[in-house]
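Before any comments, here is the structure.
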Amino acid sequence: MKTYETYERKAANLLKKMGHTLLYQNYRSGRAQIDLITQLDRCLYIVEVKYRSSTVTDYENWVSERQCQRLLQAGVRLVGPFQCTEIKLLLIAYQGNGSKAEIIPLAVN
């Protein structure tokens with residue numbers, strides 16, 4: 001199994017434990033590829049999963065503004081079909097082997 005698949009699976013399991021329903025994994029829409037799409041209550045979560053083998057703290061550089069825009073645009077198409085009233089972007093970051101997940105909300109300007 002590839003490294004990114006391992007961490008996407010870990011992230012999906014973490015979100016399920018938090019009460020999320022997994023809707024899609026590796027969803028493609030146009031030029032955007034979304035690692036995970038989950039739903040909790042009436043909120044749709046667009047989730048980017050990242051792994052770094054070394055420790056870094058500059059999470060804001062892990063996902064570019066342009067990528068956030070593409071992820072959000074792709075996710076907006078799913079709000080209606082799943083009857084969601086809100087959409088949020090999340091980064092689930094893993095650093096080093098055996099690391100715990102860090103969940104970071106992403107803001108789009």
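Taking CD of E48 as the start and CH2 of W62 as the end, the distance is 11.0 Å to the nearest 0.5 Å. Rounding to the nearest 0.5 angstrom, the gap separating the CD atom in Q69 from the OG atom in S64 is 9.5 Å. In this structure, CG in L106 is found 4.5 Å from SG in C68, a value given to the nearest 0.5 Å.
Two residues are said to be in side-chain contact when any heavy atoms from C-beta on lie closer than 4.5 Å; V49 and L91 fail this criterion. When side chains are defined from C-beta on, P105 does not count as touching K88, because their heavy atoms never get closer than 4.5 Å. Side-chain contact check for L15 versus L36: some heavy-atom pair is nearer than 4.5 Å. L90 is not listed as a side-chain neighbour of I104, based on a closest heavy-atom distance of 4.5 Å or more. R9 has its side chain out of reach of E5: every pair of non-hydrogen atoms, C-beta onward, lies at least 4.5 Å apart.
The minimum heavy-atom distance between Q33 and N26, with the atom names listed, is NE2-OD1, 2.8 Å. Contact between A74 and I34 at its shortest, heavy atoms only, is CB-CD1, 3.8 Å. Contact detail for L44 and G75: the closest heavy-atom pair is CD2-O, 3.4 Å. Looking at every heavy atom in both residues, Y94 comes nearest to A11 through OH-N, 3.2 Å. In plain terms, the two heavy atoms of C84 and Q39 that are nearest each other are SG-NE2, 3.4 Å.
Aromatic ring centres of Y51 and Y7 lie closer together than 6.0 Å.
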Which is it for L23 and L78 under the side-chain contact (heavy atoms from CB on, under 4.5 Å) test, yes or no, and what are the steps along the way? CA-CA 10 Å; L23 303 175; L78 299 172; over 6 Å; no

Going through the distances and angles, do E102 and Q95 end up as a side-chain contact (heavy atoms from CB on, under 4.5 Å)? CA-CA 9 Å; E102 296 187 52; Q95 297 185 63; 3.5 Å; yes

Kindly indicate, with the supporting measurements, whether the criterion side-chain contact (heavy atoms from CB on, under 4.5 Å) is fulfilled by D35 and K50. CA-CA 9 Å; D35 294 333; K50 295 286 187 182; 5.9 Å; no

Between I37 and I46, does the side-chain contact (heavy atoms from CB on, under 4.5 Å) criterion hold? Intermediate values first, please. CA-CA 5 Å; I37 299 176; I46 306 301; 4.1 Å; yes

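With respect to the salt-bridge test (charged N to carboxylate O, under 4.0 angstrom), the residues E8 and K10 do not qualify.
Residues in residues 12-25 take part in these side-chain hydrogen bond (donor to acceptor under 3.5 Å, both in side chains) pairs, two or more places apart or across chains: H20-T38.
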